[in-house]
Each structure stands twice: as C-alpha cells, then as structure tokens.
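I have placed the structure first, in the form of structure tokens, so that the comments after it can refer back to it.
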Protein chains: 2
Amino acid sequence: MTGNDFSYRDKKVMSIGIVKELTGLSERQIRYYEKRKLIFPDRTTTGIRKYSFSDVDRLMEIADKIEEGVQTHEIRSELAKRDEKQKTKEVREQMIKGQLNAHFHYRKL
Amino acid sequence: MTGNDFSYRDKKVMSIGIVKELTGLSERQIRYYEKRKLIFPDRTTTGIRKYSFSDVDRLMEIADKIEEGVQTHEIRSELAKRDEKQKTKEVREQMIKGQLNAHFHYRKL
DNA sequence: CGTGTAAGGAATTCTGACACG
DNA sequence: CGTGTAAGGAATTCTGACACG
C-alpha cells in the first residue's frame, strides 16, 4: 500500500510513438504483436494505446525471438507461461504480506 | 554503463496528456511552470513535450507549494538549489565509480 | 506469416492572445 | 501572478484494406 508496489516499471504511460523510438520497431509491428496477443497495452478512453517500460522490454524480447525465426504463436505461449508463473509469485508474495499484517496489526482497532 | 544508471524514473517519455492525468494539473498550469523555469521537459523534434516520472513528482511538489501560496519565483530558487546539490552529488558518485574502474581494470587492455 | 503503405478521420498538442485580477 | 478559454494549425494515432509471399 505504502510504497512502490510496482512503481514506474509497470505504469502504462507512453504512446506508441515513443515505444517505437525506444524499441526501434515500427508502429505496424507493435500493433501486430498486440493483435497476436503478445503485448497488452492500456487504452485511453478515446482509444489511444498506452505502454509501460516493461512493455518496452517485452517488445524487445519479442523482436529478438522474431528475428530468430520464432513464430508469434510460439512466442505467445512462452510468454503466457512466464506471465502465469509471475502472477503466481505475486499472489504468494501478497499472501505473505497479508499474514504479516494480520500478525502485527491483529485486532489493532 | 551497464545497468540502470537512471533507469525509468528520469526517462522523458510521457506527453502532457498523461502528466495532466497523473498530476491532476491542467495543461495550462504544466506549461506555465515550464515558462517559469520550474520544470524542464524534453521536446521531440516536432516540438511535443516529453516528461519523466520524476518530472511528475516534481510537478506535484510544485502544486503543493503553489497551494501554500508560494510564488513560482521562490519555488524556482528552492528547486534550483536542490538541483544543484543533486548534481554535485552525482558528480561525486561518478568520480568514485571512475576510480573503482581505474582500480579494477587498470590497463586491462 | 509478418510487415509496408496510402487513406480518411479522430484525438492530441502547440502557440499566442484576450481575460480577470 | 496564476490560470481559464477559444482559435487555428500541425503532429499523432487509429482502423481496415490492399499488397507481397
């Protein structure tokens, strides 16, 4: 609650133009990888895509795989697997935090 | 050189629209604080302002000061002083890094 | 399959100015 | 002094499609 639960790295704040610059990819490629479900930008209420720094990193990984000849379909399942693990890990961490809170603040009120 | 010399926090990647959302300030205010030299966004070659997360934090501080009735002129000198200290600190850190490098990689080639 | 491009429209951003105070 | 707003233009982004393969 207090600090940088996910700070800057995961905040979706960049539009596609900067992502293009940062990654060296074309807008076409960036949008296409989204269509293939490799990347999941946010949208403003008016439909503009917003990306995070971690999205940028992920796009660079994707670009590497593509260059290696890996198809988007395969990249997708690799990434999905990793995302799943990551989510599980975060849930565990949250549970530990919760227990610590319960321990130290037990019936504090 | 290797890692996050300044990572995400200081990278100027957001356009004014998101900054507006993140800070709750109006575009007018954000641009005005720039004119008064409280904030220094980058510009794309075509003139679009780009801000960093630290710019966002700074804008919130500025907004607080303004609310307290402090004038931009005074805020400016406060911030300038702090920036100066920060820069000095960074220079010192760089020097230390340089010396460590010199020590460990002395005539490595 | 992955990517380039021209097309037309919608949303964003920019500057300088008038306004109030 | 700090901020709102309407004005007109320039730059950005979006989608669906044609193209190549």
Side-chain angles (χ1 to χ4, degrees), chain A residues 11-80, chain B residues 11-80:
Chain A
K11 211 140 200 165
K12 312 255 187 184
V13 296
M14 300 177 239
S15 40
I16 202 166
I18 323 127
V19 175
K20 171 187 178 168
E21 260 186 41
L22 261 40
T23 60
L25 296 170
S26 69
E27 298 184 14
R28 182 66 158 107
Q29 290 173 304
I30 299 171
R31 295 204 190 97
Y32 180 66
Y33 300 152
E34 176 184 1
K35 179 160 292 174
R36 303 314 309 274
K37 300 191 181 305
L38 305 182
I39 188 89
F40 309 95
D42 275 359
R43 295 272 187 152
T44 65
T45 44
T46 52
I48 307 291
R49 271 169 268 251
K50 291 299 170 190
Y51 303 85
S52 66
F53 281 109
S54 60
D55 287 334
V56 169
D57 290 346
R58 174 185 272 242
L59 279 168
M60 311 238 263
E61 283 189 67
I62 294 170
D64 287 344
K65 296 275 178 61
I66 293 280
E67 271 189 77
E68 291 173 26
V70 186
Q71 289 200 319
T72 55
H73 179 262
E74 310 174 51
I75 302 178
R76 157 142 181 60
S77 47
E78 294 176 30
L79 288 176
Chain B
K11 210 139 202 167
K12 312 255 186 182
V13 296
M14 299 178 241
S15 41
I16 200 166
I18 322 129
V19 175
K20 170 187 181 170
E21 260 186 41
L22 261 39
T23 60
L25 297 170
S26 68
E27 298 183 17
R28 182 67 158 107
Q29 290 173 305
I30 299 171
R31 295 204 191 97
Y32 180 67
Y33 301 153
E34 176 183 359
K35 178 160 293 173
R36 303 315 308 276
K37 298 191 182 304
L38 305 183
I39 187 88
F40 310 94
D42 275 359
R43 295 272 187 152
T44 64
T45 44
T46 52
I48 307 292
R49 272 170 267 252
K50 292 298 170 189
Y51 303 86
S52 66
F53 281 109
S54 60
D55 288 334
V56 168
D57 290 346
R58 173 185 273 241
L59 279 168
M60 311 238 264
E61 282 189 67
I62 294 170
D64 288 345
K65 296 275 179 59
I66 292 280
E67 271 190 77
E68 290 171 27
V70 185
Q71 290 198 320
T72 54
H73 179 262
E74 311 175 52
I75 302 178
R76 155 141 182 61
S77 47
E78 294 176 29
L79 288 177

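Throughout, protein chains are lettered first and strands after them, A, B, ... in sequence-line order, and every chain is numbered starting at 1.
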Which residues pass the side chain to side chain donor-acceptor pair (under 3.5 Å) test with B:Ser52, not counting sequence neighbours?
B:Ser54, B:Asp55
Partner residues of B:Thr44 under the side chain to side chain donor-acceptor pair (under 3.5 Å) criterion, sequence neighbours left out
B:Thr46
Going by the rule salt bridge (Lys or Arg N to Asp or Glu O under 4.0 Å), which residues pair with [X] if we only count those two or more places apart in sequence or in a different chain?
X	answer
A:Asp57	A:Arg9
B:Glu61	B:Arg82
A:Lys50	none

Which pairs count as ring-ring contact (aromatic ring centres under 6.0 Å, His included) when at least one residue sits in residues 31-50 of chain B, sequence neighbours excluded?
none
Between A:Lys11 and B:Glu21 (salt bridge meaning N to carboxylate O under 4.0 Å), is one present in this structure?
no
Please list residues of [range] whose heavy atoms come under 4.0 Å from any atom in DNA chain C, ordered by number; otherwise none.
range	result
residues 55-67 of chain A	A:Ile66
residues 30-50 of chain B	B:Arg31, B:Arg43, B:Gly47, B:Ile48, B:Arg49
residues 19-29 of chain A	A:Ser26, A:Arg28, A:Gln29

Output row for DNA chain C, stems defined as at least 3 consecutive Watson-Crick or G-U pairs under 3.5 Å, is C:2-5 with D:17-20, C:17-20 with D:2-5
Summary of salt bridge (charged side-chain N to carboxylate O under 4.0 Å, His left out) pairs that have at least one residue in residues 67-80 of chain B, sequence neighbours excluded
B:Lys65-B:Glu78
Residues passing the ring-ring contact (aromatic ring centres under 6.0 Å, His included) test with A:Phe53, sequence neighbours excluded, are B:Tyr8
